[in-house]
Amino acid sequence: MTCRDCRDTWLNEGFASYSEALYYEQLYGIGSYHNYMNSSLGSMSYWAVDPIYRYDTTNPWYIFSRTVYDKGAWVLHMLRHRIGDEAFFAGLREFYQSHAGGNATTADLRRVLEGHTSEPLEAFFDQWLRRSEVPELRVAWGWDTATRQAVVEVEQIQGGEPYEIPLEIDFHVGHEIHKRTITLRQTRDEARVSLPARPTAIDVDPETWLLHVATVTRRAPRSARSSIDNEMSGR
């Protein structure tokens, strides 16, 4: 099976790189898988600056750039986490069985995976395959003593429209870790979460499932706002 069009070269090469991560997971466990995925992040500023979808197919060096390999693998990494292992691997098996000996497109992959999950995936593929930049986040957090809530403010400062992405955060309270997921949709988002006590620290994307760059600062929260547009869910 191969891609129907060179614009979808990531279906070959992104899958090839991602399969290496799966190979290490099979041999040595999930920690080895994450180590493989994280090993590419040191050069992210080099390969994450182009869209994965190859708009220009006249230059073979462009078609087979590291963006297709590394960023393509990260799209599959994020997709696995988003829809869960059962849906992800069942979908990949069906995708292969449906197109073995033939050609496929990204739209074919999306349709197969959507058959294994209740989530629509068109927006996910569009923003991760067709955009040049990755999310760049400024995260500020503090503690509202009056409401006994942690306040997290996230600003997306990359170019273009804001990404719609789930941002996982660990709140450290004493010896406990409280996990939450904030859904980002706007240039600036705020979320509040009730905790048993003031957290001493937070970890943003603690398991490294999201392709992004972030700076995290601790500061007193701004005055309470009339509405909070974020969703916050426990995990």
Side-chain angles (χ1 to χ4, degrees), residues 1-3 8-50 52 64-100 104 106 108-110 112-117 119 121 124-125 128-129 134-135 137 139 163 165-172 175-182 201-214 216 233-235:
M1 179 181 70
T2 189
C3 58
D8 277 331
T9 299
W10 84 282
L11 290 176
N12 293 15
E13 311 308 343
F15 267 87
S17 293
Y18 187 67
S19 294
E20 294 180 26
L22 295 178
Y23 172 78
Y24 284 111
E25 179 181 3
Q26 183 67 29
L27 285 183
Y28 306 115
I30 191 68
S32 217
Y33 164 87
H34 280 285
N35 287 340
Y36 180 91
M37 294 305 305
N38 295 343
S39 66
S40 66
L41 293 178
S43 58
M44 184 174 70
S45 61
Y46 171 73
W47 52 259
V49 295
D50 280 329
I52 295 171
F64 294 99
S65 74
R66 281 192 63 185
T67 297
V68 171
Y69 290 82
D70 293 342
K71 199 173 180 181
W74 265 87
V75 167
L76 293 168
H77 176 65
M78 290 187 290
L79 185 59
R80 173 185 180 178
H81 187 54
R82 180 165 182 146
I83 67 176
D85 278 14
E86 182 177 354
F88 180 74
F89 289 110
L92 292 191
R93 285 191 290 271
E94 181 182 338
F95 178 59
Y96 172 73
Q97 291 164 1
S98 300
H99 297 88
T106 296
D108 293 327
L109 173 63
R110 174 179 60 80
V112 169
L113 290 173
E114 285 178 337
H116 291 269
T117 178
E119 288 197 52
L121 297 174
F124 172 89
F125 279 111
W128 288 111
L129 297 182
V134 299
L137 311 178
V139 182
Y163 274 76
I165 47 177
L167 182 65
E168 298 180 352
I169 300 178
D170 281 359
F171 295 85
H172 294 257
H175 297 293
E176 298 180 343
I177 295 177
H178 297 258
K179 295 181 176 292
R180 299 291 187 273
T181 300
I182 303 172
I202 69 170
D203 291 327
V204 173
D205 188 31
E207 297 177 359
T208 323
W209 283 107
L210 179 66
L211 182 61
H212 74 292
V213 292
V216 182
S233 60
R235 292 184 67 246

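Note: hydrogens, waters and symmetry copies are ignored here, and every other heavy atom, side chains too, is used. None of the values given here were measured: they were computed from a predicted structure.
To the nearest 0.5 angstrom, Leu11 atom CG is 8.5 Å from Leu129 atom CG. For the atom pair Leu167 CG and Leu210 CG, the distance stands at 6.5 Å (nearest 0.5 Å).
Partners of Glu176 by side-chain contact (heavy atoms from CB on, under 4.5 Å), not counting sequence neighbours, listed by chain and number: His178. Shown here are the side-chain contact (heavy atoms from CB on, under 4.5 Å) partners of Val216, two or more places apart in sequence or in another chain: Val139, Trp141, Ile202, Val204. Under the side-chain contact (heavy atoms from CB on, under 4.5 Å) criterion, Thr208 pairs with Asn38, Leu41, Trp74, Asp205, not counting sequence neighbours. The ring pair (Phe, Tyr, Trp, His ring centres under 6.0 Å) search around Phe125 returns none, not counting sequence neighbours. In this view, Asn12 and Thr2, Cys3 satisfy the side-chain contact (heavy atoms from CB on, under 4.5 Å) rule, not counting sequence neighbours. With sequence neighbours excluded, the residues that form a salt bridge (Lys or Arg N to Asp or Glu O under 4.0 Å) with Glu114 are Arg110. Among residues two or more places apart in sequence or in another chain, the side chain to side chain donor-acceptor pair (under 3.5 Å) test is passed with Ser65 by Arg54. Considering only residues two or more places apart in sequence or on other chains, Asp108 meets the salt bridge (Lys or Arg N to Asp or Glu O under 4.0 Å) condition with Arg4, Arg111. Partners of Asp203 under the side chain to side chain donor-acceptor pair (under 3.5 Å) rule, at least two apart in sequence or in another chain, are His172. Shown here are the side chain to side chain donor-acceptor pair (under 3.5 Å) partners of His116, two or more places apart in sequence or in another chain: Glu94.
With contacts defined as side-chain heavy-atom distances shorter than 4.5 Å, the pair Asn35/Tyr24 does not qualify. Inter-residue side-chain proximity for Leu92 and Phe15 is flagged as met; some heavy-atom pair is nearer than 4.5 Å. Between Leu22 and Phe89, the closest side-chain pair of non-hydrogen atoms falls below 4.5 Å. Between Thr9 and Ile52, every side-chain heavy-atom pair lies at or beyond the 4.5 Å cut-off. The side-chain heavy atoms of His34 and Trp209, taken from C-beta on, include a pair separated by under 4.5 Å. A heavy-atom distance below 4.5 Å is found between the side chains of Ile165 and Trp128.
Applying the salt bridge (Lys or Arg N to Asp or Glu O under 4.0 Å) definition to pairs two or more places apart or across chains, those involving residues 68-82 are Glu25-Arg80, Arg66-Asp70, Arg80-Asp85, Arg82-Glu119. Sorted by first then second residue, the salt bridge (Lys or Arg N to Asp or Glu O under 4.0 Å) pairs that include residues 8-24, not counting sequence neighbours, number zero.
Nearest heavy-atom pair, Ala21 versus Tyr36, reported as atom, atom and distance to 0.1 Å: CB-CD2, 3.4 Å. Nearest heavy atom pair, residue Pro166 against residue Thr181, reads CB-CG2, 3.8 Å. Ala87 and Ile83 get closest at one heavy-atom pair: CB-O, 3.7 Å. Minimum interatomic distance between Ala73 and Tyr18 (heavy atoms only, all atoms of both residues): O-CD1, 3.5 Å.
Of the possible donor and acceptor atoms, one in the side chain of Trp47 sits under 3.5 Å from a partner among the backbone N and O of Ser40.
With Asp170 as reference, Lys179 is the one residue of Lys179, Glu207, Arg180 to meet the side-chain contact (heavy atoms from CB on, under 4.5 Å) rule.
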Query raised in the report: Does the pair Leu76 and Trp10 meet the rule for a side-chain contact (heavy atoms from CB on, under 4.5 Å), with working shown?
Result: CA-CA 10 Å; Leu76 293 168; Trp10 84 282; 3.8 Å; yes
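Under the 30°/60° scheme for interplanar angles, the aromatic rings of Tyr33 and His77 are found to be tilted.
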